[in-house]
Protein chains: 2
Amino acid sequence: MGKRGKSNRFNVLLNYKLWLSSMSGEGIISGEVYTLLLEIKDKGSLKAATETTGLSYRKAWGDLKNAESLLGYELTHKTRGGKDGGRSVLTSQAHKLLEAYAALEEKLDDAVEEAYRELKKKMES
Amino acid sequence: MGKRGKSNRFNVLLNYKLWLSSMSGEGIISGEVYTLLLEIKDKGSLKAATETTGLSYRKAWGDLKNAESLLGYELTHKTRGGKDGGRSVLTSQAHKLLEAYAALEEKLDDAVEEAYRELKKKMES
DNA sequence: ATCCGTTATGTATATCTTTGCATAACGAAA
DNA sequence: TTTCGTTATGCAAAGATATACATAACGGAT
């Protein structure tokens with residue numbers, strides 16, 4: 001280690017959280033809903049999706065409903081009944097949203113990482 | 001208005017929130033603490049700062065203490081007593097942090113705005 | 001016609017966060 | 001040495017969020 005040791009190491013992490021909101025400010029889509037949609041896409045049902053994401057069915061269902069109501073369109077085609085009980089399938093708009101959101105997150109991850117490096121440099125100087 | 005009207009306008013806003021945390025994840029500095037520090041710098045006391053920022057003294061004090069404990073150094077020189085009761089003045093490290101944070105926020109504001117434009121374009125296509 | 005497991009939703013419970021007192025400690029200035 | 005307004009901190013109360021539980025509705029497959 002260098003002359004001054006690690007005395008002024010800036011040992012903190014930079015975190016961020018994204019969400020989409022309506023003009024009036026209510027929350028719509030956060031990372032949580034994003035991963036929920038990914039899981040629904042994979043598993044084919046909301047219930048199954050909640051089991052892997054860890055949130056309660058009640059909340060996941062509410063979040064999804066909220067998101068759809070504020071976006072103004074459905075994110076999943078929902079069917080009830082049948083031997084399997086029913087299923088949830090992403091709409092084409094949901095697919096589009098997932099794609100767009102993934103690109104956005106990647107872009108911002110990069111920006112945050114770079115900003116963090118600069119922050120750190122400043123704080124350690 | 002154009003041929004298809006505004007039917008697929010993506011009428012949502014992109015929001016984000018930044019915070020610094022310790023390695024183990026506890027929150028340290030959020031925008032709230034940042035504006036609190038700005039206000040302290042301006043007003044010279046924590047109490048006065050809470051009056052303009054709107055948070056309760058109890059919480060502001062706790063947040064500040066938490067931030068200092070996790071950073072490992074003081075963000076304010078605190079004095080009690082005197083006709084004026086006491087005061088809080090930013091440390092040099094706090095000044096440095098404010099500067100760095102402001103730069104960081106500006107950078108990310110730009111990145112988010114750009115990312116939002118792309119998101120919007122994708123969602124409206 | 002019956003069954004099954006999922007969607008759908010209300011309500012009560014618990015958990016987490018913030019606020020609101022209350023009250024002590026402090027110490028420079030008058 | 002008394003005074004004043006701030007820092008400092010515990011604890012109860014209030015608010016906000018999330019979870020848990022209960023229960024209905026549904027309808028394709030058997």
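Each chain gets a letter, A, B and so on, in the order the sequences are listed, and its residues count up from 1. Hydrogens, waters and symmetry mates play no part in the numbers below; they use all other heavy atoms, side chains included.
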(message) So, using salt bridge (charged side-chain N to carboxylate O under 4.0 Å, His left out) as the criterion, who are the partners of A:Arg117 when residues are at least two apart?
(response)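 In terms of salt bridge (charged side-chain N to carboxylate O under 4.0 Å, His left out), with neighbours along the sequence ignored, A:Arg117 is linked to A:Glu113.
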
(message) Run the salt bridge (charged side-chain N to carboxylate O under 4.0 Å, His left out) test against B:Lys78 and tell me which residues pass, sequence neighbours left out.
(response)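 Partners of B:Lys78 under the salt bridge (charged side-chain N to carboxylate O under 4.0 Å, His left out) test: B:Glu68, B:Glu74.
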
(request) Would you please confirm or rule out a distance under 4.0 Å between OP1 or OP2 of D:dT7 and any side-chain N or O of B:Ser88? (result)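 Checking D:dT7 against B:Ser88, a side-chain N or O does come within under 4.0 Å of OP1 or OP2.
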
(request) Any pair with a residue in residues 33-42 of chain A that passes salt bridge (charged side-chain N to carboxylate O under 4.0 Å, His left out), sequence neighbours left out, goes on the list, sorted by first then second residue, please. (result)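 Of all non-adjacent pairs touching residues 33-42 of chain A, those that pass salt bridge (charged side-chain N to carboxylate O under 4.0 Å, His left out) are A:Glu39-A:Lys43.
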
(request) Among residues two or more places apart or on two chains, list those pairs meeting salt bridge (charged side-chain N to carboxylate O under 4.0 Å, His left out) that have a residue in residues 98-112 of chain B. (result)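 Residue pairs passing salt bridge (charged side-chain N to carboxylate O under 4.0 Å, His left out), neighbours aside: A:Glu118-B:Lys107.
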
(request) Give me the residues of residues 29-44 of chain A where at least one heavy atom lies under 4.0 Å from an atom of DNA chain C, by number, or none. (result)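 Of all residues in residues 29-44 of chain A, none places a heavy atom under 4.0 Å from DNA chain C.
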
(message) Please give me every residue in residues 46-65 of chain B whose heavy atoms get under 4.0 Å of an atom in DNA chain C, ordered by residue number.
(response)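 Listed by number, they are B:Ser56, B:Arg58, B:Lys59.
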
Mind listing the N/O atom pairs, protein and nucleotides 27-30 of chain C, below 3.5 Å?
unit_1, atom_1, unit_2, atom_2, d
C:dG27, O4', B:Arg80, O, 3.2
C:dG27, N2, B:Gly82, N, 2.9
C:dG27, N2, B:Gly82, O, 2.9
C:dG27, N3, B:Gly82, N, 2.9
C:dA28, N3, B:Gly82, N, 3.4

Whole angstrom value for the distance that separates [atom2] of [N] from [atom1] of [X]:
X: B:Asp84; N: C:dC26; atom1: CG; atom2: C1'; answer: 12 Å
X: B:Glu26; N: C:dC16; atom1: CD; atom2: C1'; answer: 16 Å
X: B:Arg87; N: C:dC26; atom1: CZ; atom2: C1'; answer: 15 Å
X: B:Glu68; N: D:dT7; atom1: CD; atom2: C1'; answer: 12 Å

Could you go through residues 23-33 of chain A and list every donor-acceptor pair under 3.5 Å that involves a side-chain atom there, pairing it with any protein atom two or more places apart or in another chain?
unit_1, atom_1, unit_2, atom_2, d
A:Ser24, OG, A:Ser22, OG, 3.0
A:Ser24, OG, A:Glu26, OE1, 2.5
A:Glu26, OE1, A:Ser22, OG, 2.8
A:Ser30, OG, A:Glu32, N, 3.3
A:Glu32, OE1, A:Lys59, NZ, 3.0

(request) Answer yes or no: is there a side-chain heavy-atom contact under 4.5 Å between A:Leu108 and A:Leu18? (result)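 Heavy-atom side-chain distance check passes, below 4.5 Å.
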
(message) What I'd like to find out is whether the side chain of A:Leu119 reaches to under 4.5 Å of the side chain of A:Phe10, using heavy atoms alone.
(response)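 The answer is yes, as the side chains (C-beta and beyond) meet within the 4.5 Å cut-off.
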
(request) With sequence neighbours left out, write down each residue that passes side-chain hydrogen bond (donor to acceptor under 3.5 Å, both in side chains) with A:Asn15, or none if nothing qualifies. (result)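 Only B:Ser21 meet the side-chain hydrogen bond (donor to acceptor under 3.5 Å, both in side chains) criterion with A:Asn15.
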
(request) Only counting residues at least two apart or in another chain, list the ones meeting side-chain hydrogen bond (donor to acceptor under 3.5 Å, both in side chains) with A:Asp84. (result)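 If we apply the side-chain hydrogen bond (donor to acceptor under 3.5 Å, both in side chains) test to A:Asp84, skipping adjacent residues, there are no hits.
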
(request) Could you pull out all residues at least two apart from A:Tyr34 that satisfy ring-ring contact (aromatic ring centres under 6.0 Å, His included)? (result)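 Per chain and number, A:Tyr34 pairs via ring-ring contact (aromatic ring centres under 6.0 Å, His included) with A:Tyr101.
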
(message) Suppose the criterion is ring pair (Phe, Tyr, Trp, His ring centres under 6.0 Å): which pairs have a residue in residues 65-86 of chain B, not counting sequence neighbours?
(response)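 Found none.
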
